[in-house]
Amino acid sequence: MLQGKTALVTGSTSGIGLGIAKALAKQGANIVLNGFGDAEGPKAEIAALGVKVAYHGADMSKASEIEAMMKFAADTFGRVDILVNNAGIQHVAKIEDFPIERWDAIIAINLTSAFLATRLALPAMKAANWGRIINVASTHGLVGSAEKSAYVASKHGVVGLTKVTALENATTGVTCNAICPGWVLTPLVQKQVDAKAAAMGLTNEEAKKQLLQEKEPSMQFTTPEELGELAVFFCSAAGNNVRGAAWNMDGGWTAQ
Ligand code: NAD
């Protein structure tokens, strides 16, 4: 379905981003990976799916590095057809204790990076009259949780940016939608499980159960594979007129 197309997925050396990159690669898209840590393992996993893969280590908090990454993607594969703004970080603390530096980093990486990559991706997508911009927001783009001020603010911002991107391109073949996962058991969430286990004297399994119990009626984690399939749907012909959606995959979290 996506043969000949190129997808750039930010923050795809791990977790949800890697899951989405693999799902798009399975549909034949060439992939540009980004993110910190080991890139060779993820690169090999994508290459094994029979598509071309490249990696750029841009720090998504830096505008100049995002610009270099977008140029690298265009130079390597000709054009970015699918942009998945996924890189994100979390910090948990009450507002009065929240380090200003963490606030700034979360807004930069979770929100501003999506704006910076989108503005650079749009001209080629519009020229081709086809493009898909998929922003990985969160249930926290739709509802709040205590002690997550910067994250919730950034993700509400991502949902807003998604709507405006969709509207500005509504008469073109370029769509923009957001994915709003509930709990997904990635390194980002495992840190929160570990903190809960330590604070409450729980085992890893007990802490995971407690985390789900607080928010997610299904008592199940959403998986990167499931989120990847939603991204594939947005890229399909059936997704042509899905514009500005903030689509949850959250086990009923935001239905409450
Ligand atoms: P993760 O920690 O497994 O992956 C985050 C990725 O972002 C990694 O590849 C990391 O290297 C990269 N990254 C972090 N800072 C970066 C930076 N400055 N520049 C470039 N790359 C950077 O986390 P995840 O859970 O897979 O999260 C991916 C996205 O999904 C995030 O936007 C997160 O907010 C969102 N999300 C996660 C959950 C969840 O339950 N895990 C739920 C809802 C939304």
Side-chain angles (χ1 to χ4, degrees), residues 8-23 31-43 45-46 55-70 84-92 101-102 104-114 116-117 134-145 148 150-159 161-162 178-194 196 208 211-212 214-216 218 220-228 230-231 246-251 253-254:
L8 187 158
V9 187
T10 70
S12 49
T13 46
S14 129
I16 294 169
L18 183 56
I20 292 176
K22 281 198 224 166
I31 303 292
V32 181
L33 295 170
N34 157 261
F36 297 150
D38 168 45
E40 290 311 313
K43 261 175 91 175
E45 285 185 59
I46 300 284
Y55 165 78
H56 194 281
D59 179 340
M60 296 305 289
S61 68
K62 300 201 163 73
S64 60
E65 296 191 20
I66 294 171
E67 201 167 332
M69 175 186 71
M70 296 303 290
V84 183
N85 290 309
N86 166 80
I89 57 168
Q90 174 65 287
H91 184 81
V92 180
E101 167 277 321
R102 283 291 86 197
D104 287 343
I106 289 174
I107 298 299
I109 295 164
N110 294 15
L111 175 59
T112 307
S113 75
L116 293 171
I134 300 171
N135 294 326
V136 179
S138 166
T139 49
H140 286 119
L142 305 169
V143 296
S145 288
K148 295 186 175 174
Y151 190 84
V152 170
S154 72
K155 295 299 187 178
H156 275 67
V158 167
V159 169
L161 175 67
T162 301
I179 297 180
C180 298
W183 292 123
V184 186
L185 197 56
T186 64
L188 182 142
V189 163
Q190 187 60 48
K191 272 190 218 154
Q192 295 173 63
V193 172
D194 293 344
K196 191 174 273 297
K208 281 198 279 194
L211 207 75
L212 287 167
E214 283 167 11
K215 301 284 184 185
E216 202 149 314
S218 68
Q220 284 176 35
F221 290 98
T222 302
T223 66
E225 290 74 22
E226 289 163 347
L227 295 162
L230 181 53
W247 193 312
N248 70 60
M249 265 200 170
D250 67 359
W253 179 329
T254 55

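Side-chain atoms are counted along with the backbone in the values below, which use heavy atoms only and exclude waters and symmetry mates. One-based numbering, in listed order, for ligands and for the atoms of each. Predicted, not measured: the structure shown is a model, and the values here were computed from it.
Atom CD of Q90 is separated from atom NZ of K191 by 9.5 Å, given to the nearest 0.5 angstrom.
In terms of modelled atom types and a separation under 3.5 Å, the side chain of S12 and the main chain of N34 share a donor-acceptor contact.
The shortest heavy-atom contact between D38 and E40 is OD1-N, 3.0 Å. A pairwise comparison of heavy atoms in I179 and A231 identifies CD1-N, 4.2 Å as the closest pair.
For ligand 1, the protein residues placed under 4.0 Å by at least one non-hydrogen atom are G11, S12, T13, S14, G15, I16, N34, G35, F36, A58, D59, M60, N86, A87, G88, I89, I109, V136, A137, S138, Y151, K155, P181, G182, W183, V184, T186, P187, L188, V189.
Relative ring orientation between W183 and W253 is described as tilted, the plane-to-plane angle lying within the 30° to 60° band.
Applying the side-chain hydrogen bond (donor to acceptor under 3.5 Å, both in side chains) rule to D104 yields no partners; only residues at least two apart in sequence or on another chain are considered.
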